[in-house]
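Treat the numbers as computed from the prediction; the structure is a model and nothing was measured. Along the sequence shown, residues carry numbers from 1.
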Amino acid sequence: RFKTNKDKWTLIKLPFTQFVAGYRGRNLDSYPAIKSNDIRALGLMLTDKQEGKFSLEIDWIKAYKNETV
């Protein structure tokens with residue numbers, strides 16, 4: 001999960017160690033921890049249940065091996 005800031009570019013780091021299994025915005029607690037080698041795709045979902053227009057601009061996405069970056 002991450003927060004957005006209207007009209008402001010933000011650098012967001014999402015370490016693989018913080019990834020959790022989920023389905024339609026709900027965590028699947030009974031699943032084992034996710035290993036970075038098992039990740040094949042990344043999806044984003046708006047889950048704040050607020051109606052109205054929303055846009056998210058992404059300049060780039062990069063995977064990194066060092067979890068402390």
Taking ILVMFWY side chains as joined if any heavy atoms are under 4.5 angstrom apart, and letting links pass through other members, which residues group with W9? none
Hydrophobic cluster membership, with links at side-chain heavy-atom distances under 4.5 Å among I/L/V/M/F/W/Y: are I12 and V20 in one? no
Residues sharing L28's hydrophobic cluster, by side-chain heavy-atom contacts under 4.5 Å among ILVMFWY, directly or via others? Y23, Y31
Any side-chain heavy-atom pair from F16 and I34 closer than 4.5 angstrom? no
Side-chain donor-acceptor contacts of residues 37-45 below 3.5 Å, not counting sequence neighbours, with atom names and distances?
unit_1: R40; atom_1: NH1; unit_2: N37; atom_2: O; d: 2.6
unit_1: R40; atom_1: NH2; unit_2: N37; atom_2: O; d: 3.4

Tell me which donor-acceptor pairs under 3.5 Å the side chains of residues 49-60 have, and how far apart each pair is, sequence neighbours excluded?
none

